[in-house]
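Remember, it's 1-based here, ligands and their atoms both numbered in the order they're listed. Sequential numbering from 1 along the given sequence is applied to the chain's residues. Since this is a predicted model, take the numbers as computed values, not measurements.
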Amino acid sequence: MDDVRSTAELLARARRVVVFTGAGMSAESGVPTFRDDLTGLWARFDAEQLATPEAFHADPDLVWGWYEWRRARVRRAVPNPGHLAVAAIEARIPHTVVITQNVDDLHERAGSREPVHLHGSLFAPRCIGAAPHPASVGEPADDDGGRIPPPRCAECGALVRPGVVWFGEALPGDALSAAVDAAARCDVLLTVGTSGVVYPAAEIPRVAARAGAAVVQVNPEPTPLDAVCAVNLRGTAAQTLPALVS
Ligand code: BV8
């Protein structure tokens with residue numbers, strides 16, 4: 001029996017499912033993955049260098065401009081058939097938890113109820129003042145961006161930063177414990193579109209495997225997660241996931 005069919009059957013029998021997604025989930029919506037080469041103005045930068053508190057403090061206009069460019073791209077993107085298939089899995093299997101490393105809102109726009117965002121969101125900017133709090137900002141500048149001075153908090157005047165988790169920053173405790181708990185209790189974990197190299201998020205599929213769940217990977221390329229997967233579906237999110245719920 002082919003792997004797609006056997007995975008569809010596994011899902012049909014599952015009572016608790018985790019769908020764990022990375023940047024590849026949104027690639028077919030036109031959102032570049034984290035390790036795609038950056039393009040345009042950003043081609044000379046490395047995402048991992050820009051996604052740090054040090055980069056923001058050294059050059060807030062550059063880093064804020066990069067996130068505004070990304071926010072504008074996500075605004076223009078639409079959920080792909082892979083996102084819709086994840087929402088269909090949730091509709092069919094009540095105990096489904098979607099855990100994403102992505103900072104876009106495409107799972108939500110596809111109908112996923114409350115995805116767990118391990119790395120925050122492009123749409124949750126916050127003030128970096130003494131008592132950090134959410135800050136509201138307008139629509140992103142819809143051009144190729146470049147340097148854009150970050151806004152100032154209307155309440156206290158401090159700089160506003162993107163509401164994402166940068167390298168070297170701790171993940172939100174509640175999100176991480178919810179993710180570990182779901183992974184430890186699920187029957188099946190689908191890992192989709194992640195290179196499995198960013199920690200502690202990359203531990204999530206490994207927690208599921210150690211707890212005895214069947215881990216299935218959807219990725220056109222091999223990754224370090226191959227070693228913990230019962231099945232490796234070599235394909236893209238938008239092409240493979242719909243076949244698991246048809
Ligand atoms: C922390 C938000 C400590 C920002 C991101 C061990 C333990 C703990 C930490 C570490 C550790 N070892 C190293 C670290 C440090 C570091 C780390 O993991 N570094 C890596 C590079 C080695 N981790 C951290 O710094 C974390 N913090 O540990 O803090 C601490 C503790 C207490 C107190 C203080 C501090 C924070 C990590 C979070 C960083 N923020 N994002 C932003 O987006 O700008 S991570 C970033 O990478 C994105 O969120 C992205 O999602 C994530 C992971 O990448 P992927 O999603 O996997 O994307 P990638 O491009 O790599 O791969 C795409 C995949 O999709 C590929 O496999 C490709 O083949 C596939 N694909 C392509 N097209 C498709 C597809 N698949 C399906 N369909 C397609 N169409």
Side-chain angles (χ1 to χ4, degrees), residues 4 19-39 42 45-56 62-71 73-74 77 79-86 98-107 115-126 145 161-173 175-177 179-180 190-207 216-226 229 232-244:
V4 170
V19 184
F20 175 72
T21 67
M25 183 77 234
S26 301
E28 285 151 295
S29 298
V31 179
T33 69
F34 208 69
R35 281 161 189 78
D36 273 343
D37 290 336
L38 289 179
T39 57
W42 312 107
F45 296 103
D46 171 7
E48 279 177 35
Q49 261 61 52
L50 287 175
T52 63
E54 294 78 14
F56 183 69
L62 178 77
V63 174
W64 182 262
W66 181 49
Y67 281 94
E68 286 296 86
W69 175 70
R70 290 172 63 189
R71 191 160 70 103
R73 286 191 74 141
V74 169
N80 65 57
H83 293 105
L84 297 172
V86 170
V98 177
I99 301 167
T100 188
Q101 301 169 90
N102 299 339
V103 294
D104 63 49
D105 62 349
L106 295 174
H107 278 306
V116 176
H117 279 271
L118 292 177
H119 295 155
S121 167
L122 288 170
F123 302 95
R126 64 175 189 272
R161 58 161 283 178
V164 301
V165 178
W166 279 326
F167 287 97
E169 294 185 322
L171 276 58
L176 187 54
S177 20
V180 170
L190 273 181
T191 171
V192 184
T194 184
S195 56
V197 298
V198 172
Y199 284 85
E203 269 302 315
I204 296 302
R206 296 173 168 93
V207 166
V216 178
Q217 179 167 229
V218 175
N219 195 320
E221 306 288 332
T223 75
L225 290 173
D226 284 28
C229 289
N232 275 301
L233 301 176
R234 288 276 179 264
T236 71
Q239 288 163 6
T240 309
L241 291 175
L244 301 183

Enumerate the atoms of ligand 1 whose separation from the nearest heavy atom of S195 is less than 4.0 angstrom. 57 (O), 59 (P), 61 (O), 62 (O), 64 (C), 67 (O)
Run the salt bridge (Lys or Arg N to Asp or Glu O under 4.0 Å) check on R234 and D226 step by step: do they pass? CA-CA 11 Å; R234 288 276 179 264; D226 284 28; 2.6 Å; yes
Closest heavy-atom pair, A202 versus G196, reported as atoms and distance to 0.1 Å, is CB-O, 3.5 Å
Mind checking side chain to side chain contact (heavy atoms under 4.5 Å, CB included) for D104 and listing every partner two or more places apart, or none if nothing turns up? S26, V74, N102, L106
Look at atom 3 (C) of ligand 1 and find which of E48, Q101, E169, H117 reaches it with the closest heavy atom. E169
Taking 4.0 angstrom as the limit and counting only heavy atoms of V165, give me the atoms of ligand 1 inside it, by number and element. 2 (C), 4 (C), 5 (C), 38 (C), 39 (C), 40 (N), 41 (N)
Looking at CG of L176 and CD1 of I99, how far apart are the two atoms once the value is rounded to the nearest 0.5 Å? 9.5 Å
For ligand 1, which atoms, with element, lie under 4.0 Å from some heavy atom of G22? 56 (O)
Would you find a donor on one side and an acceptor on the other, under 3.5 Å apart, between the side chain of S121 and the backbone of F123? yes
Between W166 and ligand 1, does any nitrogen or oxygen pair lie at a separation below 3.5 Å? no
May I ask you to decide if N80's main-chain N or O and S29's side chain share a donor-acceptor pair within less than 3.5 Å? yes
Nearest protein heavy atom to atom 20 (C) of ligand 1, by residue and atom, and its distance? V197 O, 3.6 Å
I'd like to know if atom 7 (C) of ligand 1 has any protein heavy atom within a distance of less than 4.0 Å. yes
Which of the numbered atoms in ligand 1 are under 4.0 angstrom from any heavy atom belonging to Y67? 4 (C), 42 (C), 44 (O)
Work out which heavy atom in A237 is nearest to a heavy atom in E28; give both atom names and the distance. N-OE1, 3.4 Å
A student comparing A27, G163, G173 should find that the heavy atom closest to atom 73 (N) of ligand 1 comes from A27
In terms of its nearest heavy atom to atom 76 (N) of ligand 1, the top option of A23, G193, P200 is G193
Find all atoms of ligand 1 within a distance of less than 4.0 Å from any non-hydrogen atom belonging to N102, and give their numbers and elements. 51 (O)
Holding to side chain to side chain contact (heavy atoms under 4.5 Å, CB included), I want the full list of residues that pass it with H117, two or more places apart in sequence or in another chain. T100, E108, P115
Run down the list R234, H119, E28, R70 and name the one with the heavy atom closest to atom 45 (S) of ligand 1. H119
Against heavy atoms of A51, which atoms of ligand 1 measure under 4.0 Å? 44 (O)
Protein non-hydrogen atom below 4.0 angstrom of atom 15 (C) of ligand 1 present: no
Atom 25 (O) of ligand 1 sits nearest the protein heavy atom G168 N, 2.7 Å
Just jot down the ligand 1 atoms closer than 4.0 angstrom to any heavy atom of E221, in number order. 69 (O)
Examine A237 against ligand 1 and note whether any of their N/O atoms are separated by less than 3.5 Å. yes
If we set the cut-off at 4.0 Å for heavy atoms, which region of V103 has an atom near ligand 1: side chain, backbone, both, or neither? side chain
dist E221:CD -> T236:OG1 (nearest 0.5 Å) comes out at 11.5 Å
Mark the output for L171 as yes if a heavy-atom distance to ligand 1 is under 4.0 Å, and as no if none is. yes
Taking distance alone, with N or O pairs closer than 3.5 Å, would you say W66 contacts ligand 1? no
T236-ligand 1 polar pair, N/O distance under 3.5 Å: no
Starting from atom 60 (O) of ligand 1, what is the nearest protein heavy atom, named by residue and atom, and what distance separates them? R35 N, 2.7 Å
Is there a donor-acceptor pair closer than 3.5 Å between any side-chain N or O of Q217 and the backbone N or O of C229? no
Among H107, H83, Q101, the one residue meeting side chain to side chain donor-acceptor pair (under 3.5 Å) with T21: H107
